[in-house]
Amino acid sequence: MDFKFTEDEEAFRRKVHQWLKHEIPQRWTELDPGIWEETEESWALAREFQRKLGQKGWIAPAYPKEYGGLELSHMKRLILSEELAYNRTPMSIEEEITVNWVGPSIMLFGTEKQKKEYLTRIARGDVIFCLGYSEPNAGSDLASLQTRAVEVGDEYVINGQKTWCSYGHLADYCWLAARTDPDAPRHEGISIFIVDMKTPGITVRPLINILNRHSFNEVFFDDVHIPRENLVGQKNKGWYQLVIALDLERSSIGYAAGNQRIIEELIKYVKETTRNGEPLANDCLTRNELAQLVVENEVARMMAYRIAWMFSKGLHPSYESSMSMVFVSEVMRRTANAGMRILGHYGELDRDSKWSVMNSRIMRMCLSSLSIGVGGGSNEIQRNIIAIRGLGLPRR
Amino acid sequence: MDLGLSEEQEMLKKSARDFLQRECPKKLVRQLDESDEGYSSELWRKMAELGWMGLAFPEEYGGSGRNFLDLAILLEEMGYNIVPGPFFSTVVLGGLTILTAGNEEQKMRFLPKIARGEMILSLALTEPTASYDAASVNTKAIARNGEYVIKGTKLFVLNANVADYILCVARTRKTKDPEDGITVFLVDARSPGLKCTLLKTLARDKQCEVVFDDVTVLEKSIVGKRDEGWPIVKAILQKAAVAKCAEMVGGAQAALDRAVNYAKERVQFGRPIGSFQAIQHYCANMAMDVGGSRFVTYKAAWRVSEDLPAALDAAIAKAWVSEAYGRVALSAHQIFGAIGFTMDHDIHLYYRQAKAAEIIFGGADFHRAIVARELGL
Amino acid sequence: MDFTFNEQEEAFRKEVEDFINNELPADWVEKNTYWPAGYGTLAQFEELSPQVEQFTRRLAEKGWLAISWPKEYGGAGLSHTEQAIFHERMSYYRAPAGEVATLIGGPTVMLFGSEEMKKEWLPKIARGEIRFWLAYSEPNAGSDLSSIQTRAIEDGDDLIINGQKIWGTAAHVSHYAWMAVRTDPMAPPHKGISLVIVDNTSPGVTIRPLMNICGFHSFNEVFFDNVRVPKRNVIGEMNKGWYYLMVALDFERLVIPIGSFRRTFEEIVQYARETKHNGQVLSRQLLIRNKLVNIAIQIEIAYMFFWRTAWMLDRGLVPNIEASLLKLFTTELSQKLANTGMQVMGHYGQLESTSKWSSLQGRVCLGYLDCISALVGAGTSEIQRNIIAMRGLGLPPK
């Protein structure tokens, strides 16, 4: 056992840290968009910054060099993710999905042509995908999705409705799961497609989220014609591709690192703030609460480290990723709640108030953290996975 | 970074599990729990033959020259099986203290004997305040003609009833700073004036009241320096907390394994209860608690092993694992239902162990206070 | 809304309080190791006889073993709120105030028994002459109670019973089994069960002790080998037992020793006020205060759940999910109380009563073990949550 990074890895961390410190634009820091708080302005800033990051090879460092990657080691990728999140790098949440789900799925199942067409562009930060998975009646029970894709000549014609499509109004492509064989058993008739969001017949309607921002969308497909070559992998085998993609290296390290930063800011706040002449940091309950956050976040970080370490050993985590996601999402919620207790009334203030503290980050986190643990497989589904795949409990 | 065990460590783990399963069945555990000694000399001898007592001692003192991390692996297995006896107090509290703070003569005198299984040690630290701060050390040791006379009452002393020697933490000087003036003595347990009374506890883990009524010891029994014993105690406590966590991780893993097996077998409403989502989610939570506990424990153990500063990591581990094990043991009981509430069932042994382990060396609040301090709060 | 008690109720409370002060042995509250809602030390009551016997007789004389029953059946004819006041006070002093026959069997017979049956059983129960034990669970029928296999076959005017029951609390010190048996094995599981009262001394009944983790003999395995029972001992109609059982279970869940929560909490608070750590009393420590206050708040809530059920009964409403809520909330509180007691007492919490260093008679040490039984008995917490979700909130069963 060895819990330290090598000298080379530490040097890499310093390099990334320094670079980010210099390159993150001032305007981004002013806008300070948290999760689900993107605006068109911040989105544009992030895209611009992502291209810079792409030039360093730091968007998709895992990809083969021929597709614009660095073939970086798992540990360095872990470090990179940690630094990007900790330093609040301009990037959108869809970046993660594009780089870590879509790209690798194309790599595994795509044609040579698809690989050439998309992977390099993903790695350069030129394209963003949104996910076309959930439907009004297919949430946790994704396999019941109804959006249809019918093969007509050289094309597929798509009809149906997707929902919770994050940043669908800004993304370039949709990574779509649609039913291609309605007569087959539920899991057998699903296929995956790449759909250009500019294709005629696509209507995107905003859903305003709990932070009063437009992040989610309903997306309607009305006789949308796409080339047949946009099918990814085998027809009707989409479900299996999708499940494998869910198991791909999806690390919760970003969440843990971001949360670490919040906890540090809370610690700084209680050290600097006095109430009735007494520093908040002297309050026994506050100390206890903050210490518990540190303890929990350390557990979360170790769980995320394990995923990277397993990959580095050629092992394939499955339920371990679920554990890591469930745990970190709940730590984030507890951090937000504890932060609110510590800040008291000040925690309630929105950013525009001169009295607001920590840029209202805690209040925003209270709201945004509700989504972590719902999207990408709810915590209930993740716990089922832990119980069934990890512990071998019977399905029925 | 490497979060896995080496081949050698895997072997140690596996052989320990097999050995204990064979040699320390629950029947023996119960028997020892109810006995006054609380350990089996036969099992003790076999453990010594396997080199367990001297595992983390250098070879020149009769040990196998392995490190604290290896010891933690062994302790995890001992927690998994539950092994009553003075291993923890002899090796972790006694042996490692002499190894790190004792002089050459003391090391030569005690460590090989410990390694051979011929000596049992105990640490007399806590007093009726039952806490782990320097101010709570009020047992006095007064210098008199080149000797020291110890007077005071120590409470919750693990395995003192069978100890050959007791490490006694006493006050040799009182100044404004409670951490100043503390001295660690190695006291022969048969010394006149020393009286040991067994306490009947929840986990039947042989905690004792030890009264020092003018017990005389020689100057050469001081471990480390006179009046400068508190850093030694702090170091013991840090290691002890981490070592206890390792034991707890094992216990929690065992409780989880047993509960999962039962959930697969027990049929109600025509299906295994493990197919009900409520039970599955209990199990998933338990698995997260066990997994998380193992990481923070081994990270702290690794730091201790590498001689890196470990105060923060040790406190993080004890703060987390103390509560996590409690949750796991309680959930296991909930899954077993009524059958777990019977004396004949084994699961309550873990539930008892969880509480005792949580309390000893400071509970979660105590360690969170250390975490806060370490963070500069 | 009115959260106060009326004059009559206040007077009754005073009467109960005076009665307890006069009749309960002075050292009783301290000696009794009962943990709120635990089953582990229950049989102790009986082992402490004849004190219990005498106290119970005095209670029966007042009609207080059957407070809310009509006078014609030996009850006191008082309200359910008064009954609740009585139980609150009695449990506060950990006093024996009824058992399965008075709290579960009697009320069920009152609802579903024939006039003949009521006349036969209720007065005896009200006089405290007989005690019941609950013969529900079997080795393979725990949470899934409707899968019981113990068979009762009709034979003339009798039933002949064969099978095995488990977790019979205090069966060894009771007189009759209040028992669920299968009378129609061909019917769907819920429709072939009957409830019957079985004399413990019948030939063919064998009672074997089960030692619980508190170290007490409270549970039993009971074997029935061709046990003959008169058919008139069947409650209500044959094969309708499941329905009666559900009602009886609600009665059982209403039997919450609410006062003992407050009492035990007060003892722990007292400990925290009297125990100094490095010159400061524990009760002044912020973390300890915080934990204690958390419990105090939950005890207040538990009391409101408790009074509500009495209030409902007095208005002719039947507490059902309210019984489950009360049971679930208080039993989980029992566990939290034990854990908080442990945290307050630290090392001392682990000591059994025999040690000279122990405090509160080792009650917390025992309670840490006993609270487990509270979470499991009378329907596990999971079953209670199912009931609340499905019956209370209307969530679909499947």
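Here the structure is a predicted model, which is why all the values come from computation and not from measurement.
Comparing A:Val326, A:Ile386, A:Asn288 by how many heavy-atom pairs each has under 4.5 Å with chain B, the most go to A:Asn288. When each of B:Asn285, B:Val296, B:Leu5, B:Leu69 is checked for heavy-atom pairs under 4.5 Å with chain A, B:Asn285 comes out on top. Counting heavy-atom pairs under 4.5 Å between each of A:Ala281, A:Gly390, A:Gly392 and chain B puts A:Gly392 at the top. Ranked by heavy-atom pairs shorter than 4.5 Å toward chain B, the options A:Glu320, A:Met302, A:Met1 are led by A:Met1. Most heavy-atom pairs under 4.5 Å with chain A: of the set B:Ala317, B:Gly376, B:Ser305, this distinction falls to B:Gly376. Between chain A and the options B:Met288, B:Arg303, B:Arg271, the largest number of non-hydrogen pairs under 4.5 Å is found for B:Met288. Across A:Arg306, A:Arg395, A:Met75, A:Lys313, the residue that shares the most heavy-atom pairs under 4.5 angstrom with chain B is A:Arg306.
Both the backbone and the side chain of A:Arg287 come within less than 4.5 Å of a heavy atom of chain B. With a 4.5 Å cut-off on non-hydrogen atoms, B:Asp313 touches chain A through its side chain but not through its backbone. Of the atoms belonging to B:Gln9, it is side-chain heavy atoms, and not backbone ones, that fall under 4.5 Å from chain A. Only the side chain of B:Gln277 has a heavy atom closer than 4.5 Å to any heavy atom of chain A. The contact between A:Ile388 and chain B is made entirely by side chain atoms (from C-beta outward), counting heavy-atom distances below 4.5 Å. Residue A:Glu380 touches chain B through both its backbone and its side chain, counting heavy-atom pairs closer than 4.5 Å. With a 4.5 Å cut-off on non-hydrogen atoms, A:Met303 touches chain B through its backbone and its side chain both.
More than 12 heavy atoms of other shown residues, nucleotides or ligands fall within 6.0 angstrom of atom CZ in A:Phe5. Within a 6.0 Å sphere centred on CD of B:Glu8, other residues, nucleotides and ligands contribute 12 heavy atoms or fewer.
A donor atom on one side chain and an acceptor atom on the other are found under 3.5 Å apart for B:Ser131 and B:Asp133. Side-chain atoms of B:Asn261 and B:Glu265 include no donor-acceptor pair closer than 3.5 Å. Of the N and O atoms on the side chains of B:Gln21 and B:Asn81, not one donor lies less than 3.5 Å from an acceptor on the other residue.
Residues A:Lys4 and B:Asp2 are not paired through a salt bridge, judged by the lack of any N-O separation under 4.0 Å between the basic side chain and the carboxylate. The residues A:Glu83 and A:Arg77 are annotated as not salt-bridged, no charged nitrogen and carboxylate oxygen being separated by less than 4.0 angstrom. For the pair B:Lys355 and B:Glu358, the salt-bridge criterion is met [side-chain N within less than 4.0 Å of a carboxylate O].
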| task | Please lay out, stage by stage, how A:Tyr319 and A:Gln382 fare under the test side chain to side chain donor-acceptor pair (under 3.5 Å). | result | CA-CA 8 Å; A:Tyr319 74 94; A:Gln382 305 289 359; over 6 Å; no
Item to complete: Start with the C-alpha gap between B:Asp289 and B:Tyr325, add the side-chain angles, then the distance that decides, and say whether side chain to side chain donor-acceptor pair (under 3.5 Å) holds.
Response: CA-CA 7 Å; B:Asp289 268 334; B:Tyr325 188 12; over 6 Å; no
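The aromatic rings of B:Phe361 and B:Phe88 lie parallel to each other, with less than 30° between the two planes, well short of the 60° mark.
Both the sub-6.0 Å distance and the 45° axial angle are satisfied by B:Arg327 relative to the ring of B:Trp320. Taking the centre and axis of the six-membered ring of B:Tyr350, the NZ or CZ atom of B:Arg258 falls outside the cone set by 45° and 6.0 Å.
Summarising the geometry, atom CD1 belonging to A:Ile362 is positioned 8.0 Å from atom OG1 belonging to A:Thr335; distances are rounded to the nearest 0.5 Å.
Taking 4.5 Å as the heavy-atom cut-off, the residues of residues 289-299 of chain A that approach chain B are A:Leu290, A:Ala291, A:Gln292, A:Val294, A:Val295, A:Glu296, A:Glu298, A:Val299, ordered by number. Of all residues in residues 263-279 of chain A, those placing a non-hydrogen atom less than 4.5 angstrom from a non-hydrogen atom of chain B are A:Ile267, A:Val270, A:Lys271.
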Can you give each donor-acceptor pair under 3.5 Å made by side-chain atoms of residues 238-251 of chain B, sequence neighbours left out, with the distance rounded to 0.1 Å?
| residue | atom | partner | partner atom | Å |
| --- | --- | --- | --- | --- |
| B:Lys244 | NZ | B:Glu247 | OE1 | 3.0 |

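Remark: A:Gln18 pairs with A:His22 by the side chain to side chain contact (heavy atoms under 4.5 Å, CB included) rule, at least two apart or across chains.
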